[in-house]
Visitor: 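Please find one structure pasted underneath; my questions will follow.
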Amino acid sequence: MSIYDNLNEPQREAVFHTDGPLLILAGAGSGKTRVLTHRIAYLIEERGVSPWNILAITFTNKAAGEMRQRVDNLVGYGAESIWVSTFHSACVRILRRFIDRLGYDNRFTIYDTDDQKTLIKEVCRQTDIDTKKFKERMLLSVISSAKNEMILPDEFELNAGGDFAQQKIARAYREYEARLKANNALDFDDLLVKTVQLLDTQPDIRENYQERFRYIMVDEYQDTNTVQFKLVSLLAGKYRNLCVVGDDDQSIYKFRGANIRNILDFEKEYPDAKVIKLEQNYRSTENILNAANSVIRNNRGRKDKTLWTANGTGEKICLRQFDTAYDEADFIASDVSDEVREGAAYKDHAVLYRTNAQSRILEEKFVAMNIPYKIVGGINFYARREIKDILAYLKTIDNGRDDLAVRRIINVPKRGIGQTTINRIQESASQRGIGFYEALMAPGLIPGVGRSASKLDSFAALIEYFKGQAQRESLTDLITEIIEKTAYIENLDADDPEDAQARIENIDELVSKAAAYEEDCADRGETGTLGGFLEEVALVADIDSLDENQDYVVLMTLHSAKGLEFSHVYLAGMEDGLFPGYMAITADDREELEEERRLCYVGITRAEEKLTLTCARRRMVRGETQFNRMSRFVMEIPAEILDTGTFRAEKDVEPPARDTYRNAREAFRTRPFAGSYPGKKADENNAFSALQKGSQLAAKPEGGLSYGVGDRVRHVKFGEGTVLDIREGGRDYEVTVEFDGAGTRKMFAMFAKLAKV
DNA sequence: CGGTCACCAGTTTTT
DNA sequence: CTGGTGACCG
């Protein structure tokens with residue numbers, strides 16, 4: 001009996017097809033990681049491939065760590081020399097060795113989103129760009145897209161032509177790049193771009209890596225962008241042993257430049273590619289899978305595949321609507337609590353939502369009910385102010401050329417060095433073409449700093465002292481010493497005693513992370529370096545901190561949930577306007593809605609045994625109340641696999657003014673979307689106006705229905721039918737309809753959207 | 001130079 | 001409701 005025996009047929013085929021391009025279309029939960037790890041094992045043990053020649057690329061460190069773990073378990077020996085890493089860390093590794101060929105210092109620092117923002121702000125100030133007209137956010141996103149498409153400033157400017165706005169952006173882009181280089185820094189996109197440039201322009205380096213990585217595997221291929229595609233093509237260019245795994249239905253990072261064409265056109269790019277579909281799902285129950293399939297079916301232009309499972313039918317999908325997000329959170333927390341009382345573990349539960357902002361109310365409830373939870377995402381740990389401060393010290397010590405870091409800490413804690421002084425140093429530095437820190441070392445040469453000179457001297461002396469210490473003591477000791485010598489914690493306390501406690505805890509955690517890093521290095525027989533630590537820290541995502549061994553409920557966005565699975569998943573905030581988001585609904589680009597739908601598909605398929613969908617009728621967004629109808633994605637799930645429970649009767653009656661408002665809004669909202677369903681017929685607008693007229697004539701109380709018992713109605717999915725019964729259930733009406741083609745169904749009027757014929 | 005007050009703008013999603 | 005920014009005063 002071999003380790004390959006418990007793979008199914010297509011899985012085995014994928015494992016054994018080792019040479020030449022291979023595309024594995026792996027539906028959700030179809031065991032793709034299993035295939036990848038077994039494939040690696042097979043390459044090493046059966047095909048005699050050296051582990052050294054294998055590269056496996058994932059998107060997150062967590063995925064990389066898991067894959068490495070599983071490979072270790074399968075392959076007895078030599079697994080540690082396989083490169084299993086994320087795109088970004090693989091690139092950093094290459095760049096640390098060779099980026100000097102592109103005129104950078106190999107000790108470059110990596111800028112995170114925060115740093116990018118600071119930098120672009122500076123650029124705007126200097127190049128007289130009105131940040132009212134060109135938002136920093138927008139500039140950065142344009143620059144990022146350009147980089148993702150490998151468009152450098154020169155080409156960008158060329159493309160701009162006579163367009164004034166584009167020219168302005170081109171100028172910002174150019175200046176931004178210049179500043180990065182001057183600071184010896186790279187942003188996230190640069191890590192990819194520079195690596196591609198390096199491989200593109202330096203034949204010997206390209207050759208070197210092509211020889212090394214004879215077998216390449218890429219996970220989550222549907223989320224690769226153009227640079228990543230280019231990188232992979234370059235690396236695989238010689239041996240063409242490229243195996244990509246992905247699911248076009250789970251492509252959810254278009255906003256970040258992911259190009260779904262990479263996976264859809266793989267066969268065009270590699271005409272000799274073998275294509276294998278993995279369609280058996282091992283994760284979810286039949287009901288969950290059916291829900292997922294019937295949602296994703298509404299998308300066009302996807303690779304045809306149908307997931308099936310040998311698992312049982314399972315429970316129905318639970319659907320609950322609440323008055324407010326508060327009630328929704330209350331329900332979820334109590335439900336988790338109930339299940340845990342019945343023997344489930346907290347960690348079997350995950351709550352997924354569209355936007356990070358939704359986590360707050362949930363968190364409050366979880367705290368109130370004493371349920372252990374972990375929120376993934378939101379503000380990255382390393383983006384917190386106190387952490388960034390300490391890191392800025394470390395960066396300054398490590399690479400004096402990172403102006404941003406120096407400026408961040410020059411007056412933190414307060415040293416009486418103000419904005420004017422900082423500006424004067426900057427000016428003088430720019431004029432002389434030297435770095436900020438370099439200029440600051442000799443304050444005497446800077447005109448106008450006079451009184452501050454001594455303060456600058458002592459700051460420089462402090463940094464220089466730390467630089468010396470960095471050579472002598474361990475990383476953890478260095479950090480501790482920085483905190484002590486700068487009296488950082490004392491100042492924190494003085495500034496705002498409110499948050500001080502939490503911030504101190506964060507700093508403690510940073511120290512333990514540094515200790516863990518050093519220990520890690522020691523295990524591998526290396527000495528942890530300051531640079532190495534900074535690098536690791538720059539490339540972690542919040543999701544990486546998720547720990548399966550801890551018993552807590554996980555709260556996160558749908559995006560973060562990709563690749564994970566839980567026995568019970570709650571999808572919160574299933575409301576039109578929230579999910580799918582307002583932007584996607586109003587956009588005239590069909591693609592945007594389809595991306596949201598894929599996101600929904602990802603969410604549903606995270607569930608193994610039970611799926612609960614919740615939504616609220618009204619919700620506070622930015623201080624004002626929004627009234628949302630149930631998400632259109634919920635409507636796409638067949639009614640017979642939904643358990644809608646009994647909607648609770650109203651405890652508190654809403655003021656009538658609100659109701660009127662809601663009705664008006666809903667009427668308004670219905671109209672633009674009425675025509676957006678596939679298979680719309682020409683006379684549907686007439687049916688719609690009949691509904692409008694009907695509701696006026698019928699003039700029923702409580703928002704009224706436009707049809708009564710015995711009327712003929714039309715349903716978007718089930719077609720025409722006759723109303724058999726209408727019963728009042730809570731706030732909504734339960735309507736029984738005998739459909740001509742789809743049998744008799746009970747449904748809630750509110751989301752059945754029946755129109756009188 | 002630094003602190004305080006008032007106003008304004010903003011929200012997907014993240015390596 | 002937040003966080004960030006800008007103006008004014010001590």
Side-chain angles (χ1 to χ4, degrees), chain A residues 57-64 85-92 110-114 116-118 121 125 131-132 135-138 140-141 144 147-148 186-192 220 223-225 227-228 251-258 352-361 376-380 382-383 385 411-423 449 451-452 455 494-496 536-544 556-563 573 577-587 592 595-596 598-600 602-603 620-626:
Chain A
I57 299 181
T58 62
F59 269 82
T60 65
N61 296 300
K62 184 171 187 292
S85 87
T86 64
F87 269 106
H88 295 270
S89 47
C91 287
V92 171
I110 301 166
Y111 276 2
D112 66 14
T113 330
D114 249 33
Q116 288 180 284
K117 232 196 211 132
T118 316
K121 246 181 231 164
R125 218 176 311 125
T131 51
K132 292 247 157 50
K135 304 248 180 292
E136 289 100 335
R137 259 184 79 78
M138 168 266 202
L140 282 174
S141 105
S144 174
K147 287 186 179 187
N148 282 325
L186 301 184
D187 64 20
F188 282 125
D189 300 314
D190 282 340
L191 297 177
L192 279 313
E220 307 281 11
D223 286 325
T224 52
N225 60 32
V227 214
Q228 287 162 339
S251 161
I252 54 173
Y253 282 108
K254 188 183 168 203
F255 71 94
R256 213 171 64 189
L352 311 183
Y353 36 77
R354 180 67 236 270
T355 64
N356 276 311
Q358 290 169 254
S359 67
R360 242 177 85 171
I361 300 178
V376 175
I379 328 121
N380 189 325
Y382 293 102
R385 195 184 58 186
N411 200 30
V412 175
K414 304 253 158 21
R415 297 189 175 85
I417 302 171
Q419 200 54 51
T420 23
T421 307
I422 294 175
N423 289 344
V449 287
R451 239 172 349 136
S452 304
K455 293 170 187 162
D495 280 355
D496 60 332
E536 194 171 290
V537 150
L539 295 176
V540 296
D542 210 40
I543 189 77
D544 298 332
M556 64 190 152
T557 62
L558 288 150
H559 283 89
S560 307
K562 195 185 63 172
L578 186 63
F579 185 38
Y582 171 74
M583 298 294 265
I585 293 176
T586 48
E592 292 214 17
E595 174 130 333
E596 298 271 316
R598 289 193 290 268
L599 198 51
C600 182
V602 167
M620 286 282 271
V621 178
R622 301 202 287 256
E624 66 177 57
T625 307
Q626 263 186 13

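In what follows, every chain begins at residue 1, and chains take the letters A, B, ... in the order their sequences are listed.
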Visitor: List every contact pair, protein side and nucleotides 8-10 of chain B side both N or O, where the distance is under 3.5 Å.
Guide:
residue	atom	partner	partner atom	Å
B:dG10	OP1	A:K135	NZ	3.3

Visitor: Between A:N148 and A:S144, does the side chain to side chain contact (heavy atoms under 4.5 Å, CB included) criterion hold? Intermediate values first, please.
Guide: CA-CA 6 Å; A:N148 282 325; A:S144 174; 3.6 Å; yes

Visitor: Looking across every strand, which nucleic acid part, if any, lies under 4.0 Å from A:F579 by heavy atom: base, sugar-phosphate, or nothing?
Guide: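 No contact.
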
Visitor: Taking only N/O atoms, report every protein-nucleotides 3-7 of chain C pair under 3.5 Å with atom names and distance.
Guide:
residue	atom	partner	partner atom	Å
C:dT5	OP1	A:K121	NZ	2.6

Visitor: Mind checking if A:L192 touches a base, just sugar-phosphate, or nothing, with heavy atoms under 4.0 Å?
Guide: nothing

Visitor: A:A383: what forms a side chain to side chain contact (heavy atoms under 4.5 Å, CB included) with it, not counting sequence neighbours?
Guide: A:I379, A:N380

Visitor: Rounded at 0.5 Å granularity, tell me how far NZ in A:K147 sits from CG in A:L140.
Guide: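 It is 9.0 Å, given to the nearest 0.5 Å.
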
Visitor: Using atom C1' of each nucleotide, how far apart are B:dT11 and C:dG6 to the nearest Å?
Guide: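 The same atom, C1', in both gives a distance of 23 Å.
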
Visitor: If you look at every strand shown and take non-hydrogen atoms under 4.0 Å, does A:S89 touch a base, only sugar-phosphate, or nothing?
Guide: nothing

Visitor: Need one value for A:G416: base, sugar-phosphate or nothing, where a base atom within 4.0 Å counts as base even if backbone is also close, heavy atoms only.
Guide: sugar-phosphate

Visitor: Are A:F59 and A:H88 an aromatic pair by the rule of ring centers under 6.0 Å?
Guide: no

Visitor: For a quick test of reading the model: is some side-chain N or O of A:T557 closer than 4.0 Å to OP1 or OP2 of B:dT14?
Guide: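 So the side chain of A:T557 is within the cut-off, an N or O lying under 4.0 Å from OP1 or OP2 of B:dT14.
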
Visitor: Can A:D223 and A:K562 be said to form a salt bridge (Lys or Arg N to Asp or Glu O under 4.0 Å), step by step?
Guide: CA-CA 11 Å; A:D223 286 325; A:K562 195 185 63 172; 2.3 Å; yes

Visitor: If the cut-off is 4.0 Å, is A:N225 near the phosphate of B:dT15, judged by side-chain N/O to OP1 or OP2?
Guide: no

Visitor: Would you mind reading off the distance between A:Q358 atom CD and B:dT13 atom C1', rounded to a whole angstrom?
Guide: 12 Å

Visitor: Could you pull out all residues at least two apart from A:R137 that satisfy side chain to side chain contact (heavy atoms under 4.5 Å, CB included)?
Guide: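 Listed in chain order: nothing, the list is empty.
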
Visitor: Who pairs with A:I361 by side chain to side chain contact (heavy atoms under 4.5 Å, CB included), at least two apart in sequence or on another chain?
Guide: A:A325, A:Y326, A:A329

Visitor: Hey, does the side chain of A:S560 come within less than 4.0 Å of B:dT13's phosphate (OP1/OP2), counting only N and O?
Guide: no

Visitor: Would you confirm whether the ring centroid of A:H559 sits within less than 6.0 angstrom of the ring centroid of A:F255?
Guide: yes

Visitor: Could you check whether A:F255 gets within reach of a base, just the sugar-phosphate, or nothing at all, counting any heavy atom under 4.0 Å?
Guide: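 Base contact.
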
Visitor: Apply salt bridge (Lys or Arg N to Asp or Glu O under 4.0 Å) to A:K117 and list each qualifying residue two or more places apart in sequence or on a separate chain.
Guide: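 Once residues adjacent in sequence are excluded, A:K117 has no partner under the salt bridge (Lys or Arg N to Asp or Glu O under 4.0 Å) criterion.
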
Visitor: For B:dT13 and A:N356 - does any side-chain N or O of the residue sit under 4.0 Å from the phosphate oxygens OP1/OP2?
Guide: yes

Visitor: Is any side-chain nitrogen or oxygen of A:R360 closer than 4.0 Å to OP1 or OP2 of C:dT2?
Guide: yes

